[in-house]
Amino acid sequence: MKLGTESGFKQGEAPAAGNKNAQKLTTVADALAKLQQDEKAAAAIVSTGYTDTKVNVTNALTEMNKVDQNLDIDGYAHRVVAPDGKEYASLEDAVKANPTFAAGTTQMKVIYAPLDGQKIQVKDVSGKVLGTVTGKSDAEINVSDFAPIDAVLKQTAKQDNLKITVTAPDGTTYDSLSAALAATGYFDHVGLQNGASSFDAENAQMMPIFDDQGNVTGYYAVLAEAASLNDMNIQDFVVSYTPAIDDTAVSVDGNHYYNNTSNKEMSDNDIDNTVNNLHNMLENGAKSGVANAINKVKTAVDQSVAVNVADSGDVQKAKQVINDILNSDNVDTGKLKQAISNLATAVAQAK
C-alpha cells in the first residue's frame with residue numbers, strides 16, 4: 001500500500017488564469033519526500049503498509065503531524081480527502097477515519113483553498129495609509145474595488161493641479177492608481193498564515209450581537225480559524241504628487257500659476273493678480289506683507305516661463321529687469337507691469 005499523490009484546488013477556488021506567480025501545490029507524496037530527506041525511517045511509517053492491515057495511528061502520530069506541516073503552503077489552507085470521499089483537516093484525522101490499508105494505492109488527495117486576508121495598502125510618501133482592500137491569495141485584483149480611493153487621489157490632484165505618480169510593489173511607476181493595480185494584476189500569497197478560508201466559512205458559527213439591554217440585535221460569523229493579525233508582506237502602492245507642467249497649474253501660497261505661457265491669457269491674469277496684490281501692500285500693507293507680495297510676484301514670473309525657453313538671452317534679460325524693479329527700495333508697479341509685458345514678448349519670441 002502507498003499513499004496517493006494527487007493534489008488540487010478546491011472547486012471554484014483556483015487562482016485567476018494567467019497568474020504566473022500563483023502558488024504551486026504540494027501533495028502527500030511531496031510532503032513525504034521532504035520528510036524523508038530528514039527522517040527516512042519516519043517517512044516510511046506513514047507511506048507504506050500491508051494490505052488490509054490497520055495503521056497504528058498512535059505510533060505514526062508524530063510522523064503524520066510532520067507530513068501535515070510539510071503540506072502547508074503560504075497563503076492557503078488545505079484539507080485531506082480520504083478514500084471515504086470526506087474532507088479532513090489533517091492527514092491524522094483522515095487516517096483515523098480510514099485506518100485500513102487498501103490494495104495498491106490508498107488515495108489521500110490534498111485540496112487547497114486561498115486564504116481571504118491578503119492586503120493591498122495605498123499610502124502616501126510619508127507612510128500614511130490612504131486606503132486598504134483585502135482579497136484572496138493569488139486572486140485577480142478588481143480595480144473597481146479601489147474606486148473610492150482613486151476618486152480621492154484624483155480630486156486632490158485636480159484641486160491642487162498636481163501630477164500623480166504611483167509606485168507599485170515591484171518598484172514600477174504609473175501615472176494613476178488604476179493603471180498600477182491593473183499592471184500588478186493579482187493579490188500576493190506571501191506572509192499570510194492561519195487566515196480565514198472558504199473551508200472555514202463552511203464551519204462558521206453564528207454568534208449573537210447584544211445591545212446595552214442584553215437584547216439580541218443580530219448575528220455575526222465566527223470562522224473556524226482566526227484571521228492573522230500580522231500580514232508579513234503587505235502589497236504597498238505609494239502615491240506621490242509633483243507640480244504639473246506644460247499648461248497646467250501649480251499651487252504657490254494658495255494661488256495658482258502656470259508653467260507654460262502657451263496658456264498666456266490665464267498666466268498673465270495670474271501674474272497681474274500678484275502685481276495688484278503687491279500694489280495694495282505698497283499702499284497700505286505692513287513691511288512683512290510687502291516682502292511676501294514681492295516673493296509671490298517672483299514665483300509667478302518664474303512659473304510662467306517654460307523650461308525650454310528659460311535659457312534664452314532675451315528672456316533672462318527681461319527677467320533681470322523685473323528682479324531689479326522688485327529688489328529696488330521703491331517698487332514702481334507701473335514699471336513692473338511693463339517689464340512683465342516685455343517678458344511675455346521675449347518668451348513668445350524664444351519659442
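Fair warning: this is a prediction, and the values are worked out from it, not measured in the lab.
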Student check: side-chain heavy atoms of V81 and I111 closer than 4.5 Å: yes

Keeping N19 on the side-chain end and D138 on the backbone end, is there a donor-acceptor pair under 3.5 Å? yes

Does any donor atom in the side chain of D30 or T27 lie under 3.5 Å from an acceptor atom in the other side chain? yes

Heavy-atom pair with the smallest gap, counting every atom of P114 and S137: CB-O, 3.6 Å

Do I141 and L153 sit in one hydrophobic cluster, given that two such residues count as connected whenever their side-chain heavy atoms are within less than 4.5 Å of each other, even indirectly? yes

Main-chain N/O of K337 paired with S341 side-chain donor or acceptor, under 3.5 Å: no

Are Y186 and I73 joined in one hydrophobic group, where the rule is that I, L, V, M, F, W and Y side chains link up if heavy atoms are under 4.5 Å apart? no

In the hydrophobic clustering (ILVMFWY, side-chain contacts below 4.5 Å, transitive), which residues join V125, or is it alone? V238

Minimum heavy-atom distance D175-A179, with the two atoms named: OD1-CB, 4.4 Å

Rounded to the nearest 0.5 Å, how far does OG of S240 lie from NZ of K163? 8.0 Å

Partner of Q338 under side-chain contact (heavy atoms from CB on, under 4.5 Å), picked from L336, N342, I340, is N342

Any donor-acceptor pair under 3.5 Å linking the side chain of D150 with the backbone of F146? no

D170 and T184: side-chain contact (heavy atoms from CB on, under 4.5 Å), yes or no, with the steps? CA-CA 8 Å; D170 64 358; T184 302; 5.7 Å; no

Can you tell me how far apart OH (Y174) and OG1 (T165) are? Round to the nearest 0.5 Å. 12.5 Å

To the closest 0.5 Å, what do you measure between NZ (K123) and OG1 (T132)? 9.5 Å

So NZ of K319 and CG of L326: to nearest 0.5 Å the spacing works out to 11.5 Å

List the residues meeting side-chain contact (heavy atoms from CB on, under 4.5 Å) with A339, not counting sequence neighbours, and say none if there are none. V321, I322, I325

Out of T167, L181, I149, which residue meets the side-chain contact (heavy atoms from CB on, under 4.5 Å) rule with F237? L181

Can you name the side-chain contact (heavy atoms from CB on, under 4.5 Å) partners of T134, sequence neighbours left out? K119

Shortest non-hydrogen contact from A82 toward Y88: CB-CE1, 3.6 Å

Step by step, would you call E13 with K136 a side-chain contact (heavy atoms from CB on, under 4.5 Å)? CA-CA 9 Å; E13 299 288 353; K136 292 183 178 181; 3.3 Å; yes

Below 30° counts as parallel, above 60° as perpendicular, anything between as tilted: where do the rings of Y112 and H78 land? tilted

hydrophobic_cluster_shared for V152 and L162, side chain cutoff 4.5 Å: no

Looking at D188, is its backbone amide N or carbonyl O close enough to the side chain of Q235 to form a donor-acceptor pair, meaning the two atoms are under 3.5 Å apart? yes

L25 CG to Q23 CD distance, which is reported to the nearest 0.5 Å: 7.5 Å

Here the gap from K86 atom NZ to R79 atom CZ, rounded to the nearest 0.5 Å, amounts to 15.5 Å

Which atoms form the tightest heavy-atom contact between I234 and Q121, and what is the distance? CG2-CG, 3.7 Å

Just wondering, are more than 12 heavy atoms of other shown residues or ligands nearer than 6.0 Å to NZ in K128? no

Residue pair N142 / S144, side-chain donor-acceptor N/O under 3.5 Å: yes

Donor-acceptor pair, side chain of K335 and main chain of T333, under 3.5 angstrom: no

Verdict with reasoning, T26 to V110, per side-chain contact (heavy atoms from CB on, under 4.5 Å): CA-CA 8 Å; T26 188; V110 188; over 6 Å; no

